[in-house]
Amino acid sequence: MTVRTRFAPSPTGYLHIGGVRTALFNWLYARRNGGQFVLRIDDTDAQRNRAEAVEPILDGFDWLGLDWDEGPTKDAGGESFGPHAPYYQGQRNDKYVAAAMKLLETGHAYPDYTAAADQDAARKAADKAKKSYVHRGSNRDTPPAENARLYAEKPAPLLLKVPEGRKVVFDDAVRGRVEVNTDTIRDPALLRAPGPDGVCRALYSFATVVDEADFGITHVVRAEEHLANTPVQILIFEALGASIPTFAHIPLVYYNGKKMSKRDLPPLTADEVAKLKACGWTDDEVKARDDLNIATVAYYRELGYLPAALINYLGRLGWSLDDSSEFIPLDVMVNNFGLDRITKAPGNLDMNKLYWLQSEYMKLVPTAEKVERSIPYLKRAGLIGDTLDDATRTKLTAVIDAAGDRIKLFSDVLAFARPLLVANPEYDPKAVEKRLHAPGAADLLRAYADVIRGVEPFDAVTADKALHDVAAAKGIKPGDLVHPVRVATTGSQVGFGLFETLAILGKAETLRRIDHALTLIPV
RNA sequence: GCCCCUAUCGUCUAGAGGCCUAGGACAUGGCCCUCUCAAGGCCAAGACAGGGGUUCGAAUCCCCUUAGGGGUACCA
């Protein structure tokens with residue numbers, strides 16, 4: 001039997017990284033075993049079924065490279081592809097109703113006419129007696145034929161008749177054996193009472209089981225929050241006469257020891273906001289994007305993380321390859337993935353470690369590719385137009401090459417490229433104060449300018465030699481000259497190698513900038 | 001309340017009775033390299049939640065306690 005896994009997000013308008021990890025495990029397991037990975041949209045909460053809510057999810061998967069074999073089409077227009085279409089639960093209600101009617105006829109389900117008030121009272125009474133409330137509906141013991149007649153006449157919530165005095169046992173692929181007594185399981189609602197449109201809509205647990213059976217899902221890998229309703233679902237599988245998939249409940253992803261709820265997530269740091277603004281974002285734009293937090297894929301994408309780094313990090317969170325591997329490229333992960341090495345305890349999102357992995361992956365990206373991938377960020381920042389002319393591309397390539405490992409995120413390219421791409425650098429007042437207003441700085445700059453005027457050819461090596469010559473002649477350490485020259489030509493105290501910087505600027509521009517910097521120094 | 005799950009350095013984890021004086025990684029601290037910033041090299045500090053058992057022997061098995069978490073809907 002081929003392995004078939006699935007991921008079933010609710011359309012909320014953004015893609016949560018906890019969900020991505022669950023999806024990744026499903027995807028990995030399917031790919032490892034030559035099976036299929038199915039994407040299903042759980043929109044039984046009908047009103048929210050809008051393309052705009054689904055799009056960020058599909059878009060995110062696309063960016064991450066997690067491809068699905070069956071499911072909604074990428075345009076998020078509401079269409080599906082695959083042998084079991086549609087893959088939107090909102091479009092599958094007739095199937096759920098049909099399955100429920102079968103259960104009604106076979107006596108596995110019954111309508112419940114219990115008044116809400118009576119149910120509440122019973123619940124409160126049980127609570128008072130320190131017992132768990134296990135709901136059993138009004139028509140539980142009515143003959144099936146009678147119930148079917150009643151239901152046709154007067155539809156009500158349709159409940160599953162949970163067998164009494166039994167144990168539901170299953171072997172969870174990560175938790176191990178789980179046993180639950182059916183006497184502690186309430187009769188769950190399968191179908192709601194008719195809505196305003198007269199339709200009886202399926203509840204999540206029922207819809208999911210019907211779909212799992214219909215899609216032929218063999219392995220249900222999902223978040224731990226679903227562990228508790230697994231016994232109920234197994235009972236539904238049994239009533240349906242469907243084969244029961246293997247379950248694997250993976251622990252949640254926490255942040256600072258807590259579930260990642262929006263209010264506990266940190267706001268964007270000043271550094272992150274600065275990076276976005278360097279990429280051309282306005283304060284209002286940043287504020288308007290309330291999905292920009294560490295729990296969403298959008299955050300990583302906008303700041304310029306590599307999908308490969310996020311995937312590695314998320315895959316390694318709660319799963320390990322062995323006792324020492326941290327850097328695990330996707331192909332290695334695919335070839336070695338198994339449900340048996342998933343941890344049982346929740347894991348905390350560690351931004352430091354993710355960032356470290358990001359830098360490791362970034363080191364491996366060839367310069368030409370870095371250039372290509374930086375283009376959207378540079379465009380947004382207005383540093384380049386719609387097309388990248390050859391001269392700028394050459395300059396940009398040189399910048400990215402010279403910046404090397406300093407570029408951790410694609411948004412970092414801006415900090416290195418801007419001073420060199422722009423007509424005049426912005427002078428950081430602190431840098432000017434410290435390096436240009438230092439005693440003797442102007443003389444040193446003039447001395448250096450005088451020397452390089454005659455240097456031919458002008459490149460990193462000759463610029464370096466010229467600086468050392470000047471330093472030696474003046475009897476100072478090279479560093480004492482490097483600093484003022486750096487600030488004079490880039491406006492900043494930090495950057496990659498000074499001589500690479502000067503080479504990229506060229507002799508004429510270097511001299512022009514030094515001249516300009518001299519005007520900033522009071523006589 | 002009731003049902004269920006979980007528990008190793010700050011964090012992610014290795015560990016399935018003796019290979020454990022508990023290994024690796026991120027983060028942290030120190031030193032080296034160095035024109036700044038990165039990168040790199042070396043070193044350091046840092047954990048089996050607590051208590052009972054079982055056993056010749058327990059991080060590993062059992063029980064209790066404690067602490068977290070999930071569920072308890074005509075939500076998903």
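Chain identifiers are assigned alphabetically (A, B, ...) following the order of the sequence lines, protein sequences preceding nucleic acid strands; residue numbering begins at 1 within each chain. All heavy atoms count here, side chains included; hydrogens, waters and symmetry mates do not.
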When all nucleic acid strands are considered with a 4.0 Å heavy-atom cut-off, which category describes [X]: base, sugar-phosphate, or nothing?
X: A:G257; result: nothing
X: A:N352; result: sugar-phosphate
X: A:R222; result: nothing
X: A:L498; result: base
X: A:F496; result: base
X: A:T343; result: sugar-phosphate
X: A:F499; result: base
X: A:L349; result: nothing

Might you list the N or O atoms of the protein lying below 3.5 Å from N or O atoms in nucleotides 16-23 of chain B, with each pair's distance?
| unit_1 | atom_1 | unit_2 | atom_2 | d |
| --- | --- | --- | --- | --- |
| B:G23 | N2 | A:D323 | O | 2.9 |

Quote, to the nearest angstrom, the C1' distance that separates B:A16 from B:C61.
11 Å
Expected output is a numbered-order residue list: members of residues 399-415 of chain A with a heavy atom under 4.0 Å from any atom of RNA chain B. What is it?
A:D405, A:R406, A:K408
So, with a heavy-atom separation below 4.0 Å from RNA chain B, the residues of residues 170-188 of chain A are A:R175, A:R186
For A:N139 and A:Y151, does a side-chain donor sit closer than 3.5 Å to a side-chain acceptor?
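Their side chains do not contain a donor-acceptor pair, so the 3.5 Å distance test is not met.
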Does a donor on one side chain and an acceptor on the other come within less than 3.5 Å for A:R222 and A:T230?
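Per modelled atom types, A:R222 and A:T230 side chains form a pair under 3.5 Å.
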For B:U11, does either OP1 or OP2 sit under 4.0 Å from a side-chain N or O belonging to A:N348?
no
Taking only side-chain nitrogens and oxygens of A:R192, does any of them come within less than 4.0 Å of OP1 or OP2 of B:C75?
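Yes, because at least one side-chain N or O of A:R192 sits under 4.0 Å from OP1 or OP2 of B:C75.
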Assess whether a salt bridge exists between A:R92 and A:D94, defined as any Lys/Arg side-chain N lying under 4.0 Å from an Asp/Glu carboxylate O.
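No, A:R92 and A:D94 are not salt-bridged.
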Do A:D112 and A:Q119 have side-chain heavy atoms sitting under 4.5 Å apart?
yes
Between A:R435 and A:Y254, which residue's closest nucleotide on RNA chain B lies nearer the 5′ terminus?
A:R435
In the structure shown, which nucleotide is the Watson-Crick or G-U wobble counterpart of B:G68, with both distances under 3.5 Å?
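Paired with B:G68, as far as the under-3.5 Å criterion goes, is B:C5.
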Please confirm whether any donor atom in the side chain of A:K353 sits under 3.5 Å from an acceptor in the base of B:C12, or the reverse.
yes
